[in-house]
Novice: 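Sharing a structure below in C-alpha cells format, with a few things to ask.
Throughout, protein chains are lettered first and strands after them, A, B, ... in sequence-line order, and every chain is numbered starting at 1.
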Amino acid sequence: MKTLTLATKEHGGTWFGVVIGNQDKLLASSFSKSQKNLVRHLRADAPGQPIQSFTNESNVPLNEMIDFYEGKPTASKTRLDWERVSEFEKSICQSMKEIPRGKVASYGMLAKRIQSGPRAVGTGVARNPWPLFVPCHRVVPASLEIGNYSIGGALSDYGCEMKRVLLEREGVPIEGDRISAEALWIPTGV
DNA sequence: TAGCAGATACCTT
DNA sequence: AAGGTATCTGCTA
C-alpha cells in the first residue's frame, strides 16, 4: 500500500488541503477555517492508510485550489482519482464539471440530465470528494436561492456564506439572496 | 409572492 | 427493506 500525501496550506485566513495518492492523483480536497478540522476531515477520507503530512507546502494542486477559491479562471492540471467514487456520483461530478464558471445549474436540472431525482442528486453533490476542483458550489435550488453547502463534511451557515462568496467571485449576478435567472446554465446539445 | 405540506425519486447500507 | 436526502411542485392566502 502506497503512502498518501496530505498537504495543507493557509491562505487568507483559510486552510486548504489535498490528499494525493497513486500517480499523483487527487483523492480528496477540503478547506476550513481551522487546520485541525481540515486534517481530521481529510484523514477520515483515507481510513487506515499510511499518510505523510506537509504543512504550508506549495504544490500544484494546492495552488490551483486557491486559484479556484479566488474565483480565477483556472485550467487545472490535477488528475482526479475516481477509484472510490460510485457510478452515480461519477455521473454527477461529470455534470458539475460541465457547468461553466459564472453559471449555475439546479439540482432538478442535473437530475433530468442523468435521469435521476433531485433529492438523490443532492446527496450525490454533497458527497463531492473534490470541492473547488469539481464546482459543487454551482449547483443551487430551482428557486435560485443560494441553497446549502457543507464544508468539512458538515452543513453550516459558514459553508453557505462561502458558497455565495465563491459564486460572486466567479461573476454570478446575485440580487439580494437570489441569483439572477441569466446565470442559469443552458446545456448545449440536449 | 412567500410559506408549507405532501409527493417524489432513488441512492446507500 | 429501511432510512435518509445540499429537492420540487402546487396549493393556499
Side-chain angles (χ1 to χ4, degrees), chain A residues 14-19 26-34 37-38 40-49 65 68-69 71 80-187 190:
Chain A
T14 299
W15 282 90
F16 298 83
V18 291
V19 178
L26 189 66
L27 238 81
S29 63
S30 185
F31 60 109
S32 165
K33 277 186 288 195
S34 101
N37 290 339
L38 174 70
R40 187 178 45 216
H41 179 232
L42 285 174
R43 289 196 80 107
D45 218 38
Q49 299 192 57
M65 195 180 177
F68 283 126
Y69 175 79
L80 308 180
D81 190 330
W82 299 83
E83 228 169 80
R84 298 145 49 84
V85 178
S86 74
E87 287 305 309
F88 174 66
E89 290 159 355
K90 228 178 259 182
S91 57
I92 290 180
C93 285
Q94 273 154 6
S95 297
M96 289 194 286
K97 278 158 73 78
E98 293 176 36
I99 308 171
R101 206 179 77 100
K103 297 281 178 187
V104 297
S106 76
Y107 296 95
M109 284 173 65
L110 294 192
K112 270 185 200 148
R113 246 175 121 61
I114 66 169
Q115 293 162 351
S116 176
R119 304 193 71 163
V121 166
T123 65
V125 171
R127 275 203 253 268
N128 173 22
W130 311 285
L132 296 177
F133 291 91
V134 173
C136 55
H137 57 278
R138 295 180 191 152
V139 187
V140 300
S143 60
L144 290 184
E145 288 160 305
I146 302 298
N148 288 309
Y149 195 79
S150 50
I151 278 180
L155 260 174
S156 67
D157 290 344
Y158 168 64
C160 297
E161 294 290 328
M162 190 53 66
K163 182 175 182 180
R164 181 204 187 86
V165 168
L166 288 171
L167 291 174
E168 280 173 344
R169 288 199 192 134
E170 291 185 346
V172 172
I174 301 174
E175 290 159 24
D177 61 352
R178 197 143 302 190
I179 294 163
S180 313
E182 67 199 64
L184 254 185
W185 173 52
I186 313 291
V190 174

Novice: Could you check whether A:Lys90 pairs with A:Glu87 (Lys NZ or Arg NE/NH1/NH2 to Asp/Glu carboxylate O, under 4.0 Å)?
Specialist: yes

Novice: Relative to the ring of A:Tyr149, is the ring of A:Phe31 parallel (under 30°), tilted (30 to 60°) or perpendicular (over 60°)?
Specialist: tilted

Novice: Looking only at heavy atoms, which two atoms of A:Ile99 and A:Arg138 are closest? And how far apart?
Specialist: O-NH1, 2.8 Å

Novice: Taking CD1 from A:Ile114 and P from C:dT7, how many angstroms apart are they, rounded to a whole number?
Specialist: 14 Å

Novice: Report which part of the nucleic acid A:Tyr149 touches: base, sugar-phosphate, or nothing (heavy-atom distance under 4.0 Å, all strands).
Specialist: base

Novice: Rounded off to whole Å, could you give me the CG-to-C1' distance for the A:Asp177 and B:dG3 pair?
Specialist: 14 Å

Novice: Ignoring hydrogens and geometry beyond distance, is the side chain of A:Ser116 in donor-acceptor contact with the base of B:dA9 at under 3.5 Å?
Specialist: no

Novice: Rounding to an integer number of Å, can you tell me how far A:Arg119 CZ sits from C:dT5 P?
Specialist: 9 Å

Novice: Given pairs defined as Watson-Crick or G-U wobble with both distances under 3.5 Å, what dot-bracket annotation applies to DNA chain C, with ( ) intrastrand, [ ] crossing, | other strand and . unpaired?
Specialist: |||||.|||||||

Novice: If you count the non-hydrogen atoms of other residues, nucleotides and ligands that lie under 6.0 Å from CD in A:Glu161, is the total more than 12?
Specialist: no

Novice: Tell me if a side-chain donor or acceptor on A:Ser29 pairs with a main-chain N or O of A:Pro131 at a distance below 3.5 Å.
Specialist: yes

Novice: Below the 4.0 Å mark, does C:dA6 have OP1 or OP2 next to a side-chain nitrogen or oxygen of A:Asn128?
Specialist: no

Novice: Can you tell which of B:dT12, C:dA6, B:dC11 lies closest to the side chain of A:Ser150?
Specialist: C:dA6

Novice: What does nucleotides 8-13 of chain C look like as a protein-contact string, B for base, S for sugar-phosphate only, - for none, at under 4.0 angstrom between heavy atoms?
Specialist: S-----

Novice: Take the protein atom CD of A:Glu145 and the nucleotide atom P of B:dA2, then report the distance between them rounded to whole Å.
Specialist: 9 Å

Novice: Minimum heavy-atom separation for A:Trp185 and A:Ala105, please, with both atom names.
Specialist: CE3-CB, 3.9 Å

Novice: Verify, without hydrogens or angle tests, whether A:Asp45 (side chain) and A:Pro129 (backbone) share a donor-acceptor contact under 3.5 angstrom.
Specialist: no

Novice: For A:Leu167 and C:dA6, give me the distance from atom CG to atom P, rounded to whole Å.
Specialist: 18 Å

Novice: Rounding to an integer number of Å, can you tell me how far A:Lys163 NZ sits from C:dA6 C1'?
Specialist: 6 Å

Novice: Without decimals, in angstroms, what is the distance between A:Leu110 CG and B:dC11 P?
Specialist: 15 Å

Novice: Work out which heavy atom in A:Asn148 is nearest to a heavy atom in A:Lys163; give both atom names and the distance.
Specialist: O-NZ, 2.9 Å

Novice: Quick one: A:Ile92 CD1 to B:dA9 P, roughly how many Å, whole number?
Specialist: 17 Å

Novice: NA contact type, A:Gln115, heavy-atom cut-off 4.0 Å: base, sugar-phosphate, or nothing?
Specialist: sugar-phosphate

Novice: Does A:Arg101 make a cation-pi contact with A:Phe68 (under 6.0 Å, within 45 degrees of the axis)?
Specialist: no

